[in-house]
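Taking it in order: structure first as structure tokens, then the write-up.
A note on names: the letters A, B, ... follow the listed sequences, proteins ahead of strands, and every chain is numbered from 1.
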2 protein chains.
Amino acid sequence: MNSRFIVATHILTLLASSDVPVTSEEIAVSVNTNPVVIRRLLVELAKAGLVVTQQGSAGGSQLARPAELITLLQVYHAMEPGHLFGMHRQTPNPECEIGNNIQGVMSGIFDQAEQAVEILFGSITLAQILGAVRIAVMQT
Amino acid sequence: MNSRFIVATHILTLLASSDVPVTSEEIAVSVNTNPVVIRRLLVELAKAGLVVTQQGSAGGSQLARPAELITLLQVYHAMEPGHLFGMHRQTPNPECEIGNNIQGVMSGIFDQAEQAVEILFGSITLAQILGAVRIAVMQT
DNA sequence: TTGAAGTGCAACTAAGATGGTTACAGTTCA
DNA sequence: TGAACTGTAACCATCTTAGTTGCACTTCAA
């Protein structure tokens, strides 16, 4: 369990809330971490086509597209390339009927679980998250 | 990402397929691991009320209840006490509107995702998994 | 009662993942 | 040209996970 997905979402929400490019230092202050950590995540987000980043003295990052066109699912896929649930460390014994088939059966179930999560994430945009943040601010 | 959930399910499926108590050694052979690893998981499964274990020379483990009355959700809760998605390592900056509210917003979303998974797991029993394994065996 | 077979547990180990830090090369712009 | 920024590598500390070893305790048949 790691923090990349939520931190990446944090980054993108911050970018969505700004009209101008945001430096990794500014993001790092919001996230409360080191700018290099932020930069590492920004490289992945850029590879996924979610942000564009400008080098040099006027550098900074911006969303690559409108916040309404970025879903949590896209963020999730950029940050978490693996599966949600793990398999055996060693291949189970193929001479045993359970050992020989349990992974196949369970991978089917795990796929369904992942799909349920993906459907949810695919239905939530960055604009909605920013909106929810702003509502929370007003209620404080 | 670990292997405890699927290995615990493997263990329980094996117990469900047997009329007699199964030793940790036999389970270890099916899972292809060391018996101590199995015993560790069995202790947790027993605490969760899913298995009963007999010590001594006639020792071994059995399901604590019929396979139709054990759901994947119960197994999951016994093996994975934490959350599915991680939060920031350090508390984000409360002076920033995004930093101050992103965790609240995202925890709501993560709860929904976990719920979707739990609904799925709660609908699948061990008996169904054993049935699926047996169907897979017949098709090999 | 004894010895064998099994559980439960502690301690140790190796491997891998994660996130933080430091240093610096490269890029851009005033 | 120098400052401000990105991108990257290397290192480090911490934590988790799963495997191994050793052994105390439990149980039961002989």
Side-chain angles (χ1 to χ4, degrees), chain A residues 1-8 10-11 15 18 20-48 50-62 64 79-93, chain B residues 1-8 10-11 15 18 20-48 51-62 64 78-93:
Chain A
M1 195 163 65
N2 67 59
S3 63
R4 291 147 44 97
F5 180 37
I6 193 170
V7 173
H10 184 149
I11 292 170
L15 297 188
S18 172
V20 294
V22 187
T23 67
S24 50
E25 173 68 44
E26 289 167 321
I27 300 172
V29 167
S30 175
V31 174
N32 187 14
T33 190
N34 187 288
V36 172
V37 174
I38 300 301
R39 286 186 215 137
R40 280 188 185 137
L41 295 177
L42 282 169
V43 168
E44 297 304 317
L45 291 171
K47 280 187 201 161
L50 301 180
V51 301
V52 288
T53 298
Q54 165 89 10
Q55 289 202 29
S57 62
S61 300
Q62 301 180 262
M79 293 292 111
E80 305 293 345
H83 289 287
L84 210 41
F85 301 100
M87 285 291 170
H88 302 69
R89 280 293 145 80
Q90 319 272 11
T91 305
N93 186 352
Chain B
M1 191 162 70
N2 65 57
S3 64
R4 290 149 44 96
F5 180 36
I6 192 169
V7 173
H10 185 150
I11 291 169
L15 298 187
S18 172
V20 294
V22 187
T23 66
S24 53
E25 173 68 43
E26 289 166 322
I27 299 171
V29 167
S30 174
V31 174
N32 188 16
T33 191
N34 187 289
V36 173
V37 174
I38 300 300
R39 286 189 213 133
R40 280 189 184 136
L41 294 177
L42 282 170
V43 167
E44 296 304 315
L45 291 170
K47 281 188 201 159
V51 302
V52 289
T53 299
Q54 167 88 16
Q55 290 200 30
S57 62
S61 300
Q62 300 180 261
M79 293 293 110
E80 305 292 346
H83 289 287
L84 207 44
F85 300 99
M87 286 288 168
H88 301 68
R89 279 294 144 81
Q90 319 271 10
T91 303
N93 186 354

C/dC29 OP1/OP2 closer than 4.0 Å to side-chain N/O of A/Gln55: no
Sugar-phosphate only, base, or nothing, as touched by A/Arg4 at under 4.0 Å among non-hydrogen atoms: sugar-phosphate
Pairwise 5' ranking along DNA chain C for B/Gln54 and A/Val36, keeping only the more 5' one: B/Gln54
A/Ser3 and B/Arg89: side chain donor to acceptor below 3.5 Å: no
Length of the line joining B/Leu41:CG and D/dT17:C1', which is rounded to integer Å: 11 Å
Between OG1 on residue A/Thr33 and NE2 on residue B/His88, distance to nearest 0.5 Å: 9.5 Å
A/Ser3 vs C/dG19: side-chain N/O to OP1/OP2 distance below 4.0 Å: yes
pair B/Ser61-B/Val22: side-chain heavy atoms closer than 4.5 Å: no
Interatomic distance, A/Ile38 CD1 vs D/dG7 P [rounded to whole Å]: 13 Å
Side-chain donor/acceptor of A/Arg89 to base of D/dT16, under 3.5 Å: no
Value in whole Å for how far the P atom of D/dA3 lies from CD of A/Glu25: 17 Å
Length of the CD-P vector between A/Gln90 and D/dT17, whole Å: 17 Å
Whole-Å distance separating the NZ atom of A/Lys47 from the P atom of D/dG7: 11 Å
Gap between atoms NE2 and P, on A/His88 and D/dG19 respectively (whole Å): 10 Å
Euclidean distance, atom CG of residue B/Asn34 to atom C1' of C/dC9 [Å, nearest integer]: 13 Å
B/Glu80 CD - D/dT16 C1' separation (whole Å): 12 Å
A/Ala58 side-chain proximity, nearest of C/dG19, C/dC29, D/dC5: C/dC29
Minimum-distance nucleotide to A/Ser24 side chain [options: D/dT17, D/dT6, C/dT21]: D/dT6
Polar pair under 3.5 Å, donor/acceptor by atom type, side chain B/Arg39, base C/dG6: no
Phosphate contact (D/dT6 OP1 or OP2) by A/Thr53 side-chain N/O below 4.0 Å: no
Along DNA chain C (nearest heavy atom to each residue), the more 5'-positioned of A/Asn32 and A/Ser57: A/Asn32
CD1-CG distance between B/Ile11 and B/Leu41, expressed to the nearest 0.5 angstrom: 4.5 Å
Shortest non-hydrogen contact between B/Thr91 and A/Asn32, atoms and distance: O-ND2, 2.7 Å
